Amino acid sequence: MKYANVASALGTLLVGFAAALVAYWTFRYMRAQGTQARADSVRDEYWLRTVVSPTSIEPFQAFISELRRDLLTFDTSSPTVQAADVEALFARATDRFNDFSLKFKSLALIDDALSAEVEGQLQNIEDSFTTYIGSLRLHLTTGSTAPSRSDIIAALTDGMVDLFKLIQMHQVSGSA
């Protein structure tokens, strides 16, 4: 009987000790995870707020607004629109798209996959613009139907919003 009580007490003591060890390691693990998550969040927020946003996001939004405004000044039904004007717009915009391609690569500091997704979306926006310019060139040289300005303006706006959503989804998912 005496040994049964000792065995029972020893069993209880061992279970209590094991529970205390598990609680201790769980606490340490959760604390380390929290510390790492905070460090990741601070690092990613820093890069996004101080590097990517001022050099890429804000200027890109201004560029798309400027490009939309330039497109609105082109009255494709007017004989005053010259091919040289279209070529100048295309050259300026292409240079800016190339600049933004380099600037958005800074997202790789946060996440390589995000950088690649944003680069793909930027390429889609540029492709839409290039297709529009190609159709506009064709219209000016052959008299074919003029491309829709409202369609390209919508494509530029929607493309920009989709690009920003990629960054936002990355932040919301906890990866940033």
Side-chain angles (χ1 to χ4, degrees), residues 37-176:
R38 278 190 303 280
D40 288 347
S41 177
V42 167
R43 183 189 70 235
D44 293 345
E45 285 297 316
Y46 165 79
W47 284 110
L48 195 58
R49 288 184 186 179
T50 61
V51 176
V52 177
S53 186
T55 63
S56 303
I57 295 172
E58 294 165 13
F60 184 69
Q61 187 172 16
F63 164 64
I64 293 296
S65 293
E66 177 186 315
L67 189 54
R68 290 178 60 208
R69 187 178 58 250
D70 289 346
L71 289 168
L72 286 172
T73 64
F74 276 62
D75 180 2
T76 55
S77 63
S78 170
T80 61
V81 174
Q82 300 294 317
D85 298 329
V86 173
E87 295 310 316
L89 174 63
F90 181 69
R92 281 193 318 271
T94 300
D95 286 346
R96 296 288 304 275
F97 276 118
N98 289 334
D99 287 344
F100 283 111
S101 180
L102 291 173
K103 289 177 179 182
F104 275 117
K105 287 194 187 311
S106 63
L107 286 168
L109 296 167
I110 297 170
D111 186 293
D112 287 332
L114 175 62
S115 178
E117 289 175 359
V118 167
E119 179 65 28
Q121 181 59 32
L122 184 61
Q123 188 62 51
N124 291 340
I125 297 167
E126 185 176 6
D127 289 348
S128 295
F129 177 73
T130 300
T131 300
Y132 173 80
I133 292 295
S135 297
L136 188 54
R137 286 172 178 152
L138 189 62
H139 164 70
L140 292 174
T141 58
T142 67
S144 64
T145 304
S148 170
R149 277 189 303 181
S150 60
D151 287 351
I152 186 57
I153 288 171
L156 291 170
T157 303
D158 293 346
M160 178 188 68
V161 169
D162 289 345
L163 186 146
F164 292 162
K165 281 181 181 177
L166 289 171
I167 297 168
Q168 179 189 31
M169 286 187 309
H170 181 80
Q171 285 182 292
V172 171
S173 72
S175 299

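On a predicted model such as this, the values are computed, not experimentally measured, just so you know.
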Exercise. S65 side chain to Q61 main-chain N or O, any donor-acceptor pair under 3.5 Å?
Worked result: yes
Exercise. Do Y132 and V86 pass the side chain to side chain contact (heavy atoms under 4.5 Å, CB included) test, and can you show the C-alpha distance, the side-chain angles, and the key distance before you say yes or no?
Worked result: CA-CA 11 Å; Y132 173 80; V86 173; over 6 Å; no
Exercise. Are R137 and F90 in a cation-pi contact, defined as NZ or CZ under 6.0 Å from the six-membered ring centre and within 45° of the axis?
Worked result: yes
Problem set entry | Side-chain (T94) to main-chain (A91) donor-acceptor, under 3.5 angstrom | no
For this session: Could you tell me whether the side chain of H139 and the main chain of S144 form a donor-acceptor pair under 3.5 Å?
Result: yes
Exercise. So, do F97 and L67 sit near enough that their side-chain heavy atoms are less than 4.5 Å apart?
Worked result: yes
For this session: Could you grab the distance from atom CG of D151 to atom OG1 of T131, nearest 0.5 Å is fine?
Result: 12.0 Å
Exercise. So how far is it from D95 CG to F100 CZ, rounded to the nearest 0.5 Å?
Worked result: 12.0 Å
Exercise. Rounded to the nearest 0.5 Å, how far does CD of Q171 lie from CG of D111?
Worked result: 12.0 Å
Exercise. Does S128 reach the main-chain N or O of N124 with its side chain, forming a donor-acceptor pair under 3.5 Å?
Worked result: yes
Seminar exercise, completed: Tightest non-hydrogen contact, residues I125 and I64, listed as CG2-CD1, 4.4 Å
Exercise. Quick check: does any side chain N or O of S106 sit under 3.5 Å from a backbone N or O of K103, one acting as donor and the other as acceptor?
Worked result: yes
Exercise. Is the shortest heavy-atom distance from the side chain of D162 to the side chain of L166 under 4.5 Å?
Worked result: no
Problem set entry | Trace of the side chain to side chain contact (heavy atoms under 4.5 Å, CB included) decision for F104 with L163 | CA-CA 11 Å; F104 275 117; L163 186 146; 3.8 Å; yes
Problem set entry | Atom pair CD (E126) and OG (S101), whose distance is rounded to the nearest 0.5 Å | 8.0 Å
Exercise. Among D112, I57, V52, whose side-chain contact (heavy atoms from CB on, under 4.5 Å) with L107 holds?
Worked result: V52
Exercise. Within the side chain of T157, is there an N or O that forms a donor-acceptor pair under 3.5 Å with the backbone of A154?
Worked result: no
For this session: Please report the C-alpha distance between I152 and R68 in whole Å, then the side-chain angles of each, then the deciding distance to 0.1 Å, and finally whether the side chain to side chain contact (heavy atoms under 4.5 Å, CB included) criterion is met.
Result: CA-CA 8 Å; I152 186 57; R68 290 178 60 208; over 6 Å; no
For this session: Supply the atom-to-atom distance I167 CD1 to K165 NZ, rounded to the nearest 0.5 angstrom.
Result: 13.0 Å
For this session: Mind checking the CZ-CG spacing from F60 to D99? Nearest 0.5 Å is all I need.
Result: 12.0 Å
For this session: Output, in order, the C-alpha distance, side-chain angles, deciding distance and verdict of side chain to side chain contact (heavy atoms under 4.5 Å, CB included) for E87 and Q82.
Result: CA-CA 9 Å; E87 295 310 316; Q82 300 294 317; over 6 Å; no
Exercise. Taking the side chain from Q121 and the backbone from G159, do they hold a donor-acceptor pair closer than 3.5 Å?
Worked result: yes
Seminar exercise, completed: Note: P54 and R49 closest approach over all heavy atoms is CD-O, 3.2 Å
